[in-house]
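Worksheet for the structure shown next.
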Amino acid sequence: MKVLVYGSGGRDHCLADKYGDSQHVDKVFFSPGNPGVLRTPKGREDRKLIDLVRLRDFGEVTDFCLVHGVDLVDVGSENPLGDGLIDALNTKGIRTVGPRMEYVKIESDRAFTDDLLRRIGVPKPQYQVFADPDGAQKYVRNIGYQVVVKANGLAAGKGAIVCDDVPDALAAIDRIMIEKVFGESGDRVVIEERKYGTEISFFAYLDGEHVLPLKMFAQDYKRAFDPDDTAPIEQFGGNPNTGGTGCYCPHKLVSPWLVNRIIKEIVNPTINEIYNHLGWQYKGVLYFGLNLDPYNNLDVFEINVRHGDPEWEVLARKLSTDLFEIGMAVWEGTLDQVKQAWNNQYYVDVIAMEGRSKASRGWNKGYPGRYGKGHRIIGLDEMERGIAIYFAGVDEVKAKGLVTFGGRVLHVLAGDPTLEGAREKAYRNIKKLAFVDHNNNGENCLRFRQTIGL
Ligand code: GLY
């Protein structure tokens with residue numbers, strides 16, 4: 001079988017890698033991809049190689065699939081899904097994993113999803129939606145509890161600003177609605193009550209009729225810095241949210257009791273609404289971003305139409321079930337026949353980000369603020385056997401080889417029978433890497449969080 005993964009980030013690289021593990025798959029194409037995926041990981045020289053194909057538009061993707069007899073296309077991220085890639089492929093009779101364009105609104109319109117959850121009684125924090133900054137400002141001055149200000153539309157996982165007090169909330173409204181840091185996604189904001197507790201990323205596959213909830217979950221680390229990194233936080237003017245800086249799995253709270261509660265209180269009612277009231281034939285994955293508070297109350301923060309990144313990377317390594325079998329079941333409507341299985345390892349994924357670097361004039365603050373590009377990546381040949389590197393924001397240039405190209409550059413992922421062991425391996429290896437800041441005497445501008453898995 002031939003599979004094409006459409007995407008270019010770490011999650012998409014990992015999807016391609018996981019399809020490559022399938023006993024049914026002998027070719028994996030990756031588009032538009034990134035040049036990092038062409039490297040063969042140490043200890044995995046026997047792997048099927050991923051073919052990088054640079055397809056420029058949806059027409060080229062469908063033509064490629066028809067010419068090369070691609071059996072299944074998996075679309076990894078929300079933007080091509082929202083632009084209708086699944087619809088374009090299905091029109092030509094090509095099998096896919098991922099929701100149709102119309103259904104992406106469950107991620108791209110927070111107000112729509114929040115109203116849906118409220119209607120069906122799925123727990124979520126108090127919220128209010130605003131289309132005018134004045135109304136939003138008045139609201140946060142008066143409500144009397146802490147809030148999170150969220151851009152209503154897509155914002156690469158960075159659209160939620162967690163506020164400590166009223167001035168913070170006013171500044172967040174300003175950034176999103178007036179400065180338009182997330183563009184049109186900030187035309188409306190959702191102002192939500194801030195919750196404390198433990199974040200849980202929970203996933204379920206849907207085939208239009210059945211649901212396969214994964215009985216395993218992960219924890220993402222959203223803030224840019226560790227809480228005690230006071231100097232960089234001060235330099236940054238706060239500790240901003242990112243698309244995710246690292247992840248571990250199994251989450252310390254994984255238990256049959258909690259998994260069953262999540263399925264019963266959140267997943268089943270939501271999917272029942274999607275299938276039976278909205279009438280959506282949703283085929284793909286749903287990602288439930290949840291909070292468990294100290295009193296054991298669950299709340300939904302958001303629902304996304306794709307795997308989380310970096311949550312998918314750790315879950316994929318732990319999942320023993322053949323991903324191609326899941327993908328085909330999603331397409332064919334046979335998820336009720338899939339048995340999920342997990343290995344006994346712990347996994348830790350630490351993301352190497354672009355840190356502070358010298359710009360031609362002044363400094364780049366680093367991800368998720370303005371970051372530099374084109375920094376040579378060194379140390380990859382020193383990675384130990386068994387360490388998985390998933391590439392995200394990278395490019396290749398003749399003079400330097402692999403260079404940085406995005407804020408989240410690559411994932412260093414390690415597995416071990418203990419969480420401590422997995423942490424130790426991931427950190428030992430990421431410390432061998434460097435991004436060479438050519439404007440600053442070759443200093444290392446790679447940044448990573450130290451507390452993933454703690
Ligand atoms: N890790 C959070 C996200 O994928 O949005």
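For the numbers below, each heavy atom of this structure counts, side chains included, while hydrogens, waters and symmetry mates do not. First listed ligand is number 1; within each ligand, the first listed atom is number 1. Positions are given from 1, in the same order as the sequence printed here.
The closest donor-acceptor contact from the side chain of D299 to the backbone of K124 lies under 3.5 Å.
With salt bridges taken as basic N to acidic carboxylate O contacts below 4.0 Å, one links D164 and R194.
Between Y205 and H307, the distance from one ring center to the other falls under 6.0 angstrom.
Ligand 1 places these atoms under 4.0 Å from at least one heavy atom of E311: 1 (N), 2 (C). The G308 neighbourhood of ligand 1 comprises atoms 4 (O), with distances under 4.0 Å to a heavy atom of that residue. Interface of R306 with ligand 1, defined as ligand atoms under 4.0 Å from a residue heavy atom, comprises 3 (C), 4 (O), 5 (O). Numbered from 1 in the order shown, with element, the atoms of ligand 1 that lie under 4.0 Å from a heavy atom of K222 read 2 (C).
When heavy-atom distances to ligand 1 are checked against a 4.0 Å cut-off, R11 has no atom that comes that close, whether in backbone or side chain.
Heavy-atom separations between G244 and ligand 1 are all 4.0 Å or longer.
In this structure, the protein non-hydrogen atom closest to atom 1 (N) of ligand 1 is D220 OD2, 2.6 Å.
A distance of 14.5 Å separates NZ in K365 from OH in Y371, rounded to the nearest 0.5 Å.
Of the polar atoms of G243, at least one N or O is found under 3.5 Å from an N or O of ligand 1, judged by distance alone.
Side-chain polar atoms of Q126 and Y145 form no donor-acceptor pair below 3.5 angstrom. No hydrogens or angles considered: a donor-acceptor pair under 3.5 Å links the side chains of Y127 and R118.
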